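Below, each value reflects all heavy atoms present in this structure, side chains not excepted, and no hydrogens, waters or symmetry copies. The structure presented is a predicted model; accordingly, all values stated were derived computationally and were not measured.
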Amino acid sequence: MEREDIIRYGASACWIARGAFASTEFDAWMDAIPWKQNTLKMYGKEHLEPRLTAWMGPAYRYASIAWPERALTSEVSDLLEEINAQVAPARPLNACLFNLYRNGKDSMGWHRDNEPEIDPACIASVSFGAARDFVIRHRETKEKWPVHLQHGDLLVMENLQHDFDHALPKRLRVEEPRINCTFRTIRS
């Protein structure tokens with residue numbers, strides 16, 4: 001697996017393995033995941049998440065959304081096993097947050113995956129479907145690193161959640177769907 005470095009910044013790193021899972025079919029994941037659209041509570045108001053999501057792994061909470069524990073399916077376990085073998089994190093990844101961006105109108109704003117139950121040492125994500133731009137931003141300097149993710153790309157963030165934010169901005173010209181499987185380690 002050939003790695004393309006995006007960021008090397010002290011103990012923080014972000015790298016990509018282009019096409020690592022390119023042979024994986026989009027439709028298989030589209031049909032296998034129990035998608036739902038959550039309501040977020042922000043600043044006293046409720047808003048629909050601008051994407052569909054699903055969760056598999058130990059119980060987890062972010063923003064105003066609480067996911068109960070849900071066992072990984074055999075397909076997700078197989079993919080997770082492959083990712084753990086390729087990435088070799090210090091603590092094995094054990095959960096997945098799935099995001100379905102139905103088209104370029106669906107997005108994810110600037111954020112960090114910094115909930116206390118997440119081990120920030122390694123977060124790995126695989127993209128299936130439409131190509132989309134993923135952007136990383138240093139929290140202090142505001143320097144940005146755009147990454148064009150295509151079907152089957154594996155993106156790995158190592159110790160990135162303290163000093164960096166990331167986002168998937170809207171891209172109105174994108175009409176096809178994209179699935180992102182974000183694997184992380186949930187501490188028990």
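A cation-pi arrangement, defined by a distance under 6.0 Å to the six-membered ring centre and an angle within 45 degrees of its axis, is present between K36 and W67.
Judged by distance alone, the side chain of T185 and the main-chain N or O of R91 form a donor-acceptor pair under 3.5 Å. Listed for the T182 side chain is no donor-acceptor partner under 3.5 Å among the backbone atoms of S125. Remark: side-chain polar atoms of T141 are not paired, donor with acceptor, to backbone N or O of H138 under 3.5 angstrom. In this structure, N99 contributes its side chain and T53 its backbone to no donor-acceptor pair below 3.5 Å. A distance-only check finds a donor-acceptor pair linking the side chain of Q161 to the backbone of D113 [under 3.5 Å]. Put simply, the side chain of Q37 gets close to the backbone of E49: a donor and an acceptor are under 3.5 Å apart. A distance-only check finds a donor-acceptor pair linking the side chain of D106 to the backbone of R102 [under 3.5 Å].
For NE2 of H47, the number of neighbouring non-hydrogen atoms (other residues, nucleotides, ligands) closer than 6.0 Å is greater than 12. In K142, the NZ atom is crowded: over 12 heavy atoms of neighbouring residues, nucleotides or ligands sit closer than 6.0 Å.
Put simply, the side chain of R178 reaches to within 4.5 Å of the side chain of L168, judged on heavy atoms. No side-chain heavy atom of E176 sits less than 4.5 Å from a side-chain heavy atom of N103. Two residues are said to be in side-chain contact when any heavy atoms from C-beta on lie closer than 4.5 Å; N180 and L155 fail this criterion. Contact check for V174 versus Y101: no side-chain heavy atoms found under the 4.5 Å cut-off. H166 has its side chain within reach of H111: a pair of non-hydrogen atoms, C-beta onward, lies under 4.5 Å apart. At least one side-chain heavy atom of V156 sits under 4.5 Å from a side-chain heavy atom of C122. In this structure, L100 and I33 have side chains that are not in contact, with every pair of non-hydrogen atoms separated by 4.5 Å or more.
The hydrophobic cluster containing V126 also contains M30, counting ILVMFWY residues as joined when their side-chain heavy atoms lie under 4.5 angstrom apart, directly or transitively. L40 and W110 end up in different hydrophobic clusters when Ile, Leu, Val, Met, Phe, Trp and Tyr side chains are linked at under 4.5 Å. Under a hydrophobic-cluster definition in which Ile, Leu, Val, Met, Phe, Trp and Tyr are linked whenever side-chain heavy atoms come within less than 4.5 Å, directly or via other members, I118 and I65 are assigned to the same cluster.
Distance CG/N114 to CG/L160: 11.5 Å, rounded to 0.5 Å. In this structure, CG on L154 lies 10.5 Å from CD on E82, to the nearest 0.5 angstrom. With values rounded to the nearest 0.5 angstrom, R112 atom CZ is found 12.5 Å from M157 atom CE. Rounded to the nearest 0.5 angstrom, E46 CD and N38 CG are separated by 11.5 Å. Atoms OG and CG, from S12 and D163 in turn, are 5.0 Å apart once rounded to the nearest 0.5 Å. Summarising the geometry, atom CG belonging to L72 is positioned 11.5 Å from atom CD belonging to E81; distances are rounded to the nearest 0.5 Å.
In this structure, F98 and W35 have perpendicular ring planes: the angle between them is above 60°, well past the 30° mark. Between Y9 and F164, the two ring planes are perpendicular [angle over 60°; tilted spans 30° to 60°].
When each of R70, E69, E115, E117 is checked for a side chain to side chain donor-acceptor pair (under 3.5 Å) with Y60, only E115 meets the rule. Each of N84, V76, N94 was scored for a side-chain contact (heavy atoms from CB on, under 4.5 Å) with F183, with one residue passing: V76. Applying side chain to side chain donor-acceptor pair (under 3.5 Å) to R18 and the options Q150, E2, E4 leaves one that passes, E4.
In this structure, L93 and A124 approach most closely via the heavy-atom pair CD1-CB, 3.9 Å. The shortest heavy-atom contact between S107 and R51 is O-NH1, 3.0 Å. The shortest non-hydrogen separation linking A95 to G57 is CB-CA, 4.0 Å. Taking both residues in full, the closest heavy atoms of P34 and A54 are given as O-CB, 3.6 Å, listed atom of the first, atom of the second, then distance. Nearest heavy atom pair, residue R132 against residue P169, reads NH2-O, 2.8 Å. Nearest heavy-atom pair across A59 and I186 is O-CG2, 4.1 Å.
Taking the six-membered ring where the residue is Trp, the centroids of H151 and F26 are separated by 6.0 Å or more.
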